[in-house]
K.L.:
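This structure is in structure tokens; I'll ask about it shortly.
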Amino acid sequence: ETVIFKAQLDRNEHMKLMASCDILVQPSAHEAFSLVLLEGMALGKPIIATGTTGTNEIIQHGRNGLLTSYRRLPTEIAAMIKYFYANPKFNDFVSKNNIKDVKPYTWEKIADDYISLYQEIRLRK
């Protein structure tokens, strides 16, 4: 297997590289809200991430990815990578769930949510 470390990429390079990966691994110590995870989900990538506050809002362990503790790196991440490769049915399950689970995060859905919120606030006045 190959691991590629890249510096900052332009948008096209970034998405091309994301599309080419088998598994998205995000071992962050702190994460508020990760657009990278949403991009990986939209591409149907299986995800391994640390269970930080923002990540826990997006990734459900065993449904659309696997979560680990930051204190257990890197051995647990290596085991999770091996697990995805050894279990293609689970890999497919996670990938399909990611495509479904990312839908509430589309700009259209977010805009609709804001419009609904503003209308609710306006009606309260």
Side-chain angles (χ1 to χ4, degrees):
E1 305 307 320
T2 303
V3 176
I4 300 169
F5 292 94
K6 293 279 192 173
Q8 188 162 345
L9 304 171
D10 68 35
R11 185 81 181 137
N12 289 335
E13 284 180 294
H14 170 81
M15 292 311 293
K16 184 177 177 184
L17 190 59
M18 289 277 291
S20 73
C21 75
D22 295 330
I23 300 168
L24 175 61
V25 179
Q26 187 177 36
S28 300
H30 305 284
E31 196 68 48
F33 190 84
S34 177
L35 292 178
V36 170
L37 292 179
L38 296 179
E39 291 167 344
M41 290 170 70
L43 292 168
K45 299 300 177 181
I47 293 172
I48 299 169
T50 48
T52 61
T53 303
T55 302
N56 286 335
E57 294 177 28
I58 303 170
I59 303 300
Q60 298 171 31
H61 183 76
R63 176 182 164 71
N64 62 353
L66 295 175
L67 295 173
T68 182
S69 166
Y70 186 73
R71 291 179 177 86
R72 295 189 188 147
L73 299 176
T75 54
E76 190 165 298
I77 286 180
M80 289 176 169
I81 291 170
K82 289 178 184 178
Y83 185 81
F84 272 122
Y85 280 112
N87 295 282
K89 287 184 182 180
F90 179 69
N91 192 328
D92 289 342
F93 170 78
V94 167
S95 296
K96 288 175 184 174
N97 285 338
N98 271 329
I99 292 169
K100 291 179 203 171
D101 294 349
V102 78
K103 290 181 181 177
Y105 300 100
T106 64
W107 284 115
E108 182 178 296
K109 173 73 169 98
I110 292 168
D112 288 345
D113 289 348
Y114 272 106
I115 290 167
S116 296
L117 177 63
Y118 289 141
Q119 288 172 341
E120 182 182 321
I121 291 168
R122 195 178 94 219
L123 291 175
R124 286 184 191 170
K125 289 184 175 183

K.L.:
Could you tell me which residues satisfy salt bridge (charged side-chain N to carboxylate O under 4.0 Å, His left out) with E57, sequence neighbours excluded, listed by chain and number?
P.N.:
none
K.L.:
Mind checking what makes side-chain hydrogen bond (donor to acceptor under 3.5 Å, both in side chains) contact with E120, not counting sequence neighbours?
P.N.:
R124
K.L.:
Given the rule in the side chain to side chain contact (heavy atoms under 4.5 Å, CB included) test, do H61 and L66 qualify, once you have shown the distances and angles that lead to the verdict?
P.N.:
CA-CA 5 Å; H61 183 76; L66 295 175; 3.6 Å; yes
K.L.:
Between side-chain atoms of residues 111-119 and protein atoms elsewhere (two or more places apart, or another chain), which donor-acceptor pairs fall under 3.5 Å?
P.N.:
residue, atom, partner, partner atom, Å
D113, OD1, K109, NZ, 2.7
D113, OD2, K109, NZ, 3.3
S116, OG, D112, O, 3.1

K.L.:
Would you check if there is a donor-acceptor pair between the side chains of S34 and Q26 at a distance under 3.5 Å?
P.N.:
yes
K.L.:
Mind checking what makes side-chain contact (heavy atoms from CB on, under 4.5 Å) contact with E76, not counting sequence neighbours?
P.N.:
T68, R72, M80
K.L.:
Just wondering, do L24 and L37 contact through their side chains at under 4.5 Å, heavy atoms?
P.N.:
yes
K.L.:
Quick one: NZ on K82 to CG on N87, what's the gap to the nearest 0.5 Å?
P.N.:
13.5 Å
K.L.:
Please, which pairs that meet ring pair (Phe, Tyr, Trp, His ring centres under 6.0 Å) have at least one residue in residues 17-54, sequence neighbours excluded?
P.N.:
F33-Y105
K.L.:
In terms of hydrophobic clusters joined by side-chain contacts under 4.5 Å, are V94 and Y83 together?
P.N.:
yes
K.L.:
Looking at I58 and N64, what are the two nearest heavy atoms and their distance?
P.N.:
O-ND2, 3.1 Å
K.L.:
By side-chain hydrogen bond (donor to acceptor under 3.5 Å, both in side chains), which residues pair with T106, not counting sequence neighbours?
P.N.:
none
K.L.:
Test of understanding: with side-chain contact (heavy atoms from CB on, under 4.5 Å), list the residues that count as partners of M15, not counting sequence neighbours.
P.N.:
R11, E39, L43
K.L.:
Set out, in order, the CA-CA distance, both residues' side-chain angles and the distance that settles side chain to side chain contact (heavy atoms under 4.5 Å, CB included) for N97 and Q60, then state yes or no.
P.N.:
CA-CA 10 Å; N97 285 338; Q60 298 171 31; over 6 Å; no
K.L.:
What's the separation between atom CD in E31 and atom OG1 in T55, rounded to the nearest 0.5 Å?
P.N.:
5.0 Å
K.L.:
Please tell me whether M18 and I48 are part of a single hydrophobic cluster in this structure, the criterion being side-chain heavy atoms less than 4.5 Å apart.
P.N.:
no
K.L.:
Suppose we screen for side-chain contact (heavy atoms from CB on, under 4.5 Å). Which residues come up paired with D92, at least two apart in sequence or across chains?
P.N.:
none
K.L.:
Should V102 and V36 be regarded as members of a common hydrophobic cluster, given that ILVMFWY residues are connected when their side-chain heavy atoms come within less than 4.5 Å of each other, either directly or indirectly?
P.N.:
yes
K.L.:
Could you tell me whether a side-chain N or O of T50 sits under 3.5 Å from a main-chain N or O of A29, the two making a donor and an acceptor?
P.N.:
no
K.L.:
Could you check whether any side-chain heavy atom of M41 comes within less than 4.5 Å of a side-chain heavy atom of I47, counting everything from C-beta outward?
P.N.:
yes
K.L.:
If you take all heavy atoms of I77 and P27, which pair is closest and at what distance?
P.N.:
CD1-CB, 3.7 Å
K.L.:
Looking at residues at least two apart in the chain, or sitting in another chain, which of them share a side-chain contact (heavy atoms from CB on, under 4.5 Å) with N91?
P.N.:
P46, F84, S95
K.L.:
Which pair of non-hydrogen atoms, one from I59 and one from L67, has the smallest distance, and what is that distance?
P.N.:
O-CD1, 3.6 Å
